[in-house]
Amino acid sequence: MGARGRRRGKMAAAGRWRAGLAVLAVALGLGGAAAEQTEEHLKREHSLSKPYQGVGSASSGLWDLLGNAMVMTQFIRLTPDVQSKQGAVWNRVPCYLRDWEMQVHFRIHGQGKKNLNGDGFAIWYTKDRMQPGPVFGSKDNFLGLGVFVDTYPNEEKQQERVFPYISAMVNNGSLTYDHDRDGRPTELGGCTAMVRNLNHDTFLVIRYVKRRLTVLIDIDGKHEWRDCIDVPGVRLPRGYYFGTSSVTGDLSDNHDIISLKLYQLTVERTPEEEKRDREVFLPVVDNLRLPGMEAPLEPMSGLALFLIVFFSLVAFVFAIVIGIILYNKWQEQSRKHFY
Ligand SMILES: *[C@@H]1O[C@H](CO)[C@@H](O)[C@H](O)[C@H]1NC(C)=O
Ligand SMILES: [Ca+2]
């Protein structure tokens, strides 16, 4: 696929910021250079592409390999189509950008027929790196963001959800990824994405701008981005690491990464937004409502409390008055009875 095609596809759906960038470029008299703007924002220290120079080398290079991951000429194979493998590739350089976009060019293919393949792969932006574990080959209770391309439905009752399924999770270290339920209790959003055994290129984009997390996919070979996930109010600390990992179990697939391209996005913030988007030290999602969480009880308002106390008092006084009346009646009756 030509670079022009990709750029056009990106412009078609990549949203307002790029259009804004183009307007800015024109305003600055740069004219047709707008398309090249993207290239200038590519951050090589957080990107991975052919010929994968220095990847996995102990002394040089920007990326480390873990487990069964292997560098090939045309791609990095996180796992082969073999049972019980896991592999990962992790950026060595922490990312301090505030607004960014990660473009993932990937390929998932194997011998398994429909839903007899697994398990998928994850793209990470996390505090820890190079830690093998149960979440698509990486550690659980992570700090940061995970985007999962899950190719196998572990949960049986999945009639209403078609796999492969892409979902996102933000974790402050306290949440556990529920593998048996495909991460449903902790997912922020997701979409179905038929990404296996395709003859055209497949892409996924994770965009993080002004605390808004969006995931878009380009998997139909039409050079068009399609919305998958959109969550506002996501607060991610800076200085975390990008990585991608994969695992196979009883079922398997080749999970190949052709490239990871990280773009710095330049956006303007109003002073109000500056204040809102100040630094955080733990990942947080504002107004988080996970399906597995009960809605928190509303704190009682002052008025409600007053009314409850007031009517309790009224009822109490009323009861006493009734009691006195009844007592008097009873005494009267017993007096009558006596004499
Ligand atoms: C981490 O997140 C969970 C779930 O969103 C929340 O209940 C908990 O208070 C958070 N912990 C910290 C230290 O922020
Ligand atoms: Ca699964």
Side-chain angles (χ1 to χ4, degrees), residues 46 48 64 66-67 69 78-79 86-91 94-95 100-104 106 108 118-155 163-193 195 204-208 211-217 228-231 233-249 255 257 260 262 280 282-285 288 290-293:
H46 303 302
L48 175 71
D64 282 317
L66 190 67
L78 298 176
T79 73
Q86 67 179 45
V89 55
W90 282 95
N91 197 191
C95 176
W100 48 262
E101 175 176 304
M102 174 59 95
Q103 291 191 13
V104 184
F106 65 97
I108 304 177
D119 281 327
F121 78 105
I123 303 119
W124 301 101
Y125 174 74
T126 53
K127 187 169 197 286
D128 294 312
R129 62 192 286 282
M130 301 293 279
Q131 308 259 335
V135 189
F136 295 91
S138 198
K139 69 167 274 185
D140 203 350
N141 300 102
F142 57 90
L143 281 114
L145 166 72
V147 174
F148 311 124
V149 180
D150 188 348
T151 54
Y152 180 73
N154 293 78
E155 189 169 30
F163 276 65
Y165 193 83
I166 298 178
S167 66
M169 173 176 175
V170 168
N171 198 349
N172 62 14
S174 75
L175 298 176
T176 301
Y177 177 84
D178 189 343
H179 185 256
D180 293 335
R181 298 202 57 205
D182 302 299
R184 265 209 206 202
T186 51
E187 77 175 31
L188 296 176
C191 70
T192 291
V195 291
L204 175 162
V205 155
I206 304 166
R207 188 179 298 143
Y208 182 60
R211 305 261 131 114
R212 188 180 206 100
L213 175 74
T214 48
V215 175
L216 300 117
I217 53 177
C228 177
I229 298 168
D230 188 350
V231 193
V234 175
R235 298 162 182 264
L236 297 171
R238 289 198 259 180
Y240 281 12
Y241 296 94
F242 288 107
T244 173
S245 70
S246 176
V247 71
T248 64
H255 297 97
I257 299 295
L260 299 174
L262 189 86
V280 291
L282 273 181
V284 186
V285 181
L288 181 66
L290 295 174
M293 272 165 110

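The basis for the numbers below is simple: all heavy atoms, side chains too, and nothing from hydrogens, waters or symmetry mates.
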Phe121 meets the ring-ring contact (aromatic ring centres under 6.0 Å, His included) criterion, sequence neighbours left out, with Phe106
Closest non-hydrogen contact found for Ile108 with Val149 is CD1-CG1, 3.9 Å
Next on the checklist: Can a side-chain donor-acceptor contact be found between Thr244 and Trp124 if the only test is distance below 3.5 angstrom?
Outcome noted: no
message = Any carboxylate oxygen within less than 4.0 angstrom of a Lys/Arg side-chain nitrogen, looking at Asp128 and Lys139?
response = yes
Rounding to 0.5 Å, atoms CG (Leu290) and CD (Glu187) come to a distance of 9.0 Å
Between Ile229 and Val231, is the side-chain contact (heavy atoms from CB on, under 4.5 Å) condition met? List the steps.
CA-CA 7 Å; Ile229 298 168; Val231 193; 3.7 Å; yes
Taken in chain and number order and not counting sequence neighbours, the residues that satisfy salt bridge (charged side-chain N to carboxylate O under 4.0 Å, His left out) with Lys127 are none
### Query
Given side chains that start at C-beta, do those of Arg207 and Leu213 come closer than 4.5 Å, heavy atoms only?
no
Taken in chain and number order and not counting sequence neighbours, the residues that satisfy salt bridge (charged side-chain N to carboxylate O under 4.0 Å, His left out) with Asp140 are none
When every non-hydrogen atom of Ile217 is compared with those of Ala193, the smallest separation belongs to CD1-CB, 3.9 Å
Those residues at least two apart in sequence (or on a different chain) that pass side-chain hydrogen bond (donor to acceptor under 3.5 Å, both in side chains) with Asp230 are Arg212
Determine, stepwise, if the pair Phe163 / Tyr152 fulfils side-chain contact (heavy atoms from CB on, under 4.5 Å). CA-CA 7 Å; Phe163 276 65; Tyr152 180 73; 5.8 Å; no
Side-chain touch Phe148/Phe136, heavy atoms, less than 4.5 angstrom
yes
* Asked: Quick one: does Leu204's side chain get under 4.5 Å of Val215's, heavy atoms only?
  -> yes
Separation between CD1 (Ile257) and NE2 (His255), nearest 0.5 Å, reads 9.5 Å
Asp64 meets the salt bridge (charged side-chain N to carboxylate O under 4.0 Å, His left out) criterion, sequence neighbours left out, with Arg92, Arg129
Salt bridge (Lys or Arg N to Asp or Glu O under 4.0 Å) pairs touching residues 236-249, sequence neighbours excluded, are Arg238-Glu279
Residues passing the side chain to side chain contact (heavy atoms under 4.5 Å, CB included) test with Pro283, sequence neighbours excluded, are Leu143, Val170, Asn172, Leu236, Pro237, Tyr240
Report yes or no: does Asp150 contribute a side-chain atom to a donor-acceptor pair with the main-chain N or O of Pro153 at less than 3.5 Å? no
Distance col, row Thr186:OG1 vs Arg181:CZ, nearest 0.5 angstrom, shows 10.0 Å
Given the options Val285, Val135, Leu175, Leu188, Met169 meets side-chain contact (heavy atoms from CB on, under 4.5 Å) only with Leu175
Query - Heavy-atom side-chain proximity of Met102 to Leu260 below 4.5 angstrom - result: yes
Closest non-hydrogen atoms of Gly239 and Tyr125, given as atom of the first, atom of the second and distance, are N-OH, 3.6 Å
- Task: Test side-chain contact (heavy atoms from CB on, under 4.5 Å) on Ile123 and Ile206 and set out the steps.
- Result: CA-CA 9 Å; Ile123 303 119; Ile206 304 166; 3.7 Å; yes
Arg235 meets the salt bridge (charged side-chain N to carboxylate O under 4.0 Å, His left out) criterion, sequence neighbours left out, with Asp286
Hits for disulfide (SG to SG under 2.5 Å) against Cys191, two or more places apart or cross-chain, chain-then-number order -> Cys228
Hits for ring-ring contact (aromatic ring centres under 6.0 Å, His included) against Tyr208, two or more places apart or cross-chain, chain-then-number order -> Trp100
Sequence neighbours excluded, the answer for side-chain hydrogen bond (donor to acceptor under 3.5 Å, both in side chains) partners of Asn91 is His46
Hits for side-chain hydrogen bond (donor to acceptor under 3.5 Å, both in side chains) against Tyr177, two or more places apart or cross-chain, chain-then-number order -> none
Distance col, row Ser138:OG vs Gln131:CD, nearest 0.5 angstrom, shows 7.5 Å
Tightest non-hydrogen contact, residues Ser245 and Leu78, listed as C-CD1, 4.0 Å
Which of Leu262, Val89, Leu145 passes side-chain contact (heavy atoms from CB on, under 4.5 Å) with Phe242? Answer is Leu262
side-chain contact (heavy atoms from CB on, under 4.5 Å), that's the test. Do Val205 and Val104 meet it? Break it down for me. CA-CA 6 Å; Val205 155; Val104 184; over 6 Å; no
